[in-house]
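One structure is given here, and the rest of the page talks about it.
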Amino acid sequence: MNTFQELGLNEDLLQAITDLGFTKPSEVQEKAIPILLNNETDLVALAQTGTGKTAAFGFPMLQKINIDSRTTQGLILSPTRELCLQITNEMKLYGKYCKGLNVVAVYGGSSITDQARDVKKGAQIIVATPGRIKDMISRRLVDISKIEYAVLDEADEMLNMGFYEDITDILSNTPEDKCTWLFSATMPKEVSVIAKKFMENPQEITVGNKNESTSQVSHEYYLVNARDRYNALKRLADANPDIFSVVFCRTKRDTQKVAEQLIEDGYNAGALHGDLSQNQRDLVMNAFRKNQIQMLVATDVAARGIDVDDITHVINYQLPDEIETYTHRSGRTGRAGKTGVSMVIVSKSEVRKIKSIERIINKAFEKKDIPDGMEICEVQLMSLANKIHNTEINHEIDKYLTNIKEMFEDTTKDELIKKFFSVEFTRFYNYYQKSKNLNIAEGSFDRDNDREDGREGRRDFGGKSDSTRYFINVGSKDGFDWMKLKDFLKEQLELGRDDVFKVETKESFSFFNTENELKEKVLAFFTDFKHEGRFVNVEVSENRGGGGGGRRDRKRSGGNRDERKTSSGNRGDRRRSEGGSKPRRSGGDSNSDRSRRSDSGSRPSVARRSRR
Ligand code: AMP
């Protein structure tokens, strides 16, 4: 193992490294720094966040540029504002003894004139998000025509986010003979294309295996019915009282919904997604950094800039569309030498994706069971016992002690302990005592839910079923195929990915299924509902099988517009009284599934966690 001196770094940088407390170079630094210092070369480096990659390109760039000149010589492109700011801060720290160094961050959502002014003062290095710098180039607010070093950081993420055109555009404003250093956590096709297009014989380095997840992270998956996803999430949180986690959802809407539900249910949660203003996002991130939020529910895009090192768990509430994204998610934990757990909640239809992810990360998942109610009660009890054991005595209590002692004169030590712990334990016990087993067996795949390949799983409805089949009077002649109709229904009803299934479109009508519990909501919503000027009618179909198109259905397809019109009236009211997909608070609702109900609603509140 080399030291930083042996890598060839100059005194100014070595001094900063000592101040930062870095004792030895990380793997990516050991591999990249000598190459970049000693050669004018292009480079492709496969390395995750948290491996020290900023310093791997930052030190060589700082050493190679001419700080006496005010010309912009280095450009670092990063996918998000947060990462852009993080890199800028790191570069400033690394270059703190480089007198006259000016590193400027250029990103959207902040004053372009202020940024232009900072650049004009003479920025040797600009760290930028693609959208903003493209804008500034076109307005001639920056000049990158003389840069010598361009870094594409988190290239896979930039491409995922659709920045290909922008990157092409930006690089076309830079000199041909510059060096390009590309850093990426994964190596999808698109990144190889960029490498080929913009680089000449790049040297390649890999930290760990390509696309491999960090070794500090263990991977677990939990198989549940799609409808139990939220309850499973709560149990995972309750079973880990000191959890400090990022919970990933696929859409902004799900992110918001899950966060709101968690807050309503007494968890320290917050949402982070693109529909929030920058100010709101900053507030949430600050609360998260201060550990006031234990569960940060986030979209992939919004979570990209999270620079928090001590995240204990990543929870994949839903798997990402692109399984490569899983590497980024799980890389949020297990940083800076710590261990972490990446949990995936999967429904039957998604379980096959686990195998594909295992191939990508080159690591096996452990299938685990969602803890049952009593396990959670035990964990909470022992966690409390542990906290009490480690609590320092507050002697302010002493003056009340005589009175308290009197009260417990006749209570034995055992009784006292039991009473004391019952205060917390009983709340959890009451909450969880009737909770059902949320786990389902892997082999029991019955295709109730959507299939992975996007086609609807066919289902035998001959026996008892938890789902309702509906007839809807739109079909292919209205421009719907099954996918479009499914999207339309999910969108209109604000349902999740697995909530509408077995969609079958005919020419002028179609069928679809939802779980029984959504029946009221679906029917209420489609009472007096118009789409593109025509009434869309939904009725429960007695045809529960896959065939459809029978006489009865054909007759229905003609429908009776007048009848549909007269069935209006109370749609608004019915929708208002609809519980939607939120878990019902225990007691007082019409849900007959008692066991399910006992898992929903607010959990017993627990003392706020303080981690520091
Ligand atoms: P990065 O992968 O660049 O996001 O770096 C992750 C974290 O590791 C940052 O907080 C860096 O300051 C820190 N870091 C970078 N290099 C080293 C090193 N050689 N030793 C210890 N920490 C480091």
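Counting convention: from 1, in listed order, for ligands and their atoms alike. Every heavy atom of this structure was used, including side-chain atoms; hydrogens, water molecules and symmetry mates were not.
In this pair, Tyr230 and Tyr317 present their aromatic rings perpendicular. The plane angle is above 60°, beyond the 30 to 60° band. Using cut-offs of 30° and 60° for the angle between ring planes, the Tyr326 and Phe365 rings count as tilted.
Heavy-atom contacts of Thr54 reach the following atoms of ligand 1: 1 (P), 3 (O), 4 (O) (cutoff under 4.0 Å). Against a heavy-atom cut-off of under 4.0 Å, Phe4 is close to the following atoms of ligand 1: 19 (N). Which parts of ligand 1 touch Ser26 is read off a 4.0 Å heavy-atom cut-off, strictly below it: atoms 19 (N).
Neither the backbone nor the side chain of Phe57 has a heavy atom within less than 4.0 Å of ligand 1.
Checked by distance only, ligand 1 and Gly52 come closer than 3.5 Å through their nitrogen or oxygen atoms. Residue contacts with ligand 1: Lys24 is placed with a nitrogen or oxygen under 3.5 Å of a nitrogen or oxygen of the ligand (distance criterion only).
Side-chain atoms of Tyr267 and Asp238 include a donor-acceptor pair closer than 3.5 Å.
Taking the side-chain contact (heavy atoms from CB on, under 4.5 Å) definition, one finds that Glu40 meets it with Lys64, Tyr149, Cys179, sequence neighbours left out. Residues forming a side-chain hydrogen bond (donor to acceptor under 3.5 Å, both in side chains) with Ser277 (at least two apart in sequence, or on another chain): Gln280.
The residue among Phe183, Phe22, Tyr94 with a heavy atom at the shortest distance from atom 22 (N) of ligand 1 is Phe22.
Between Val297 and Cys249 there is a side-chain heavy-atom pair separated by less than 4.5 Å.
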